[in-house]
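Working notes, beginning with the structure itself.
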Amino acid sequence: MSEVQLPPTLTASREGDIGILRLSRVAKRNALDDETVMGLRRYFMEIPEGVGAVVLHGEGQHFSAGLDLSEVTGPIDIHRGVLHSQMWHRAFQEIQFGRVPVVSVLHGAVVGGGLELAASTHIRVAERSAYYGLPEGQRGIFLGGGGSVRIPRLIGVHRVQDMMLTGRTLSAEEGHAAGISQYLVDEGAGLAKGIELARKMAKNAAMTNFAVMHALPRIAESDPATGYFTESLMAAIAETTPEAQQRLEDFLQKRAAKVLRGS
Ligand code: 1HE
């Protein structure tokens, strides 16, 4: 059940401490119009207390056909275009740098802005029908939802250039090998896998999830000296929380699970 006001193109539900958000604009293949992008921002800004992770998936045959192309036609106005792109940036920042980790479940077309959206989530589970494309080149436009920053970090500039210059699509298997998805599952198994992973993440200490979402990517992109320093601060903050102290004590008292092969 959603406590947030959402457009009809988004459906929110809850499974215990997991929030589930579904792109629900099947007639337009979950193309992302302004209302939907702003709804995404609102959902991730207002995640209710008690939700520890979110699963994002798409209704119908496709995850998302990307930007609703009908929204970038009309009177030419560069300033409006910049603001439009920045509106997407703010929405996807709420996902990447929000309160809880997010798993996206990908199937069918994951193209253009749909891939940009997926790239802003922390874990990507792909079903075998998933395929990835950046048809901006064919459409005469450019990435605008943060994809030029995030997608090269996943798969490298050279692959993004190939996809955008030649219109090449990557299959689920190719995308997995390239680094888009962390998990590749059979058709129809994605949502269950996404929920399973979200449950694991929701059980982590909140400060560790915070550190992994907010500190780790910044450390990874800083110069090593700044990175080591920031890591030492983050480590000290995390390990001195009461929750960490309790968890460490639980392990030492043999009350916590061991790290076993295959977990
Ligand atoms: C759309 C959109 C859309 C579908 N904007 N209306 N994205 C693209 O260039 C991908 C464009 N879409 C497609 O290639 C195909 O629609 C799909 C492969 C995703 C699905 O094909 P299919 O045969 O299942 O559906 P369809 O018949 O093509 O589309 C159904 C309807 O959705 C149809 O409208 P209708 O009124 O004729 O029923 C389509 O026009 C509509 N539709 N995709 C608007 N994208 C922040 S910058 C990001 C830049 C980008 O994202 S560029 C990539 C844009």
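Atoms within each ligand, like the ligands themselves, are counted from 1 in listed order. Please read these numbers as outputs of a predicted model, since none were measured by experiment.
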**Q.** Residues lining ligand 1 [heavy-atom distance under 4.0 Å, listed by chain and residue number]
**A.** Ala27, Lys28, Arg29, Ala31, His62, Ala65, Gly66, Leu67, Asp68, Leu69, Trp88, Ala109, Val111, Gly112, Gly113, Glu116, Tyr131, Pro135, Glu136, Arg139, Ile141, Phe142, Gly144, Gly145
Q: Apply side chain to side chain donor-acceptor pair (under 3.5 Å) to Glu46 and list each qualifying residue two or more places apart in sequence or on a separate chain.
A: none
Q) Cation-pi between Arg218 and Phe97: NZ/CZ under 6.0 Å from ring centre and within 45° of the ring axis? A) yes
(Q) Please determine whether salt bridge (charged side-chain N to carboxylate O under 4.0 Å, His left out) holds for the pair Asp68 and Lys28, giving the CA-CA distance in whole Å, both sets of side-chain angles, and the decisive distance to 0.1 Å. (A) CA-CA 8 Å; Asp68 185 324; Lys28 296 289 180 186; over 6 Å; no
Q | Option from Val125, Val55, Val105 for which side chain to side chain contact (heavy atoms under 4.5 Å, CB included) with Leu197 holds | A | Val125
Q.
Students often mix this up, so state it plainly: with edges at 30° and 60°, are the rings of Phe210 and His214 parallel, tilted or perpendicular?
A. parallel
(Q) Working note: Glu196 + Arg199, criterion salt bridge (charged side-chain N to carboxylate O under 4.0 Å, His left out); need CA distance, chi angles, decisive distance, verdict. (A) CA-CA 5 Å; Glu196 175 199 322; Arg199 289 215 166 100; over 6 Å; no
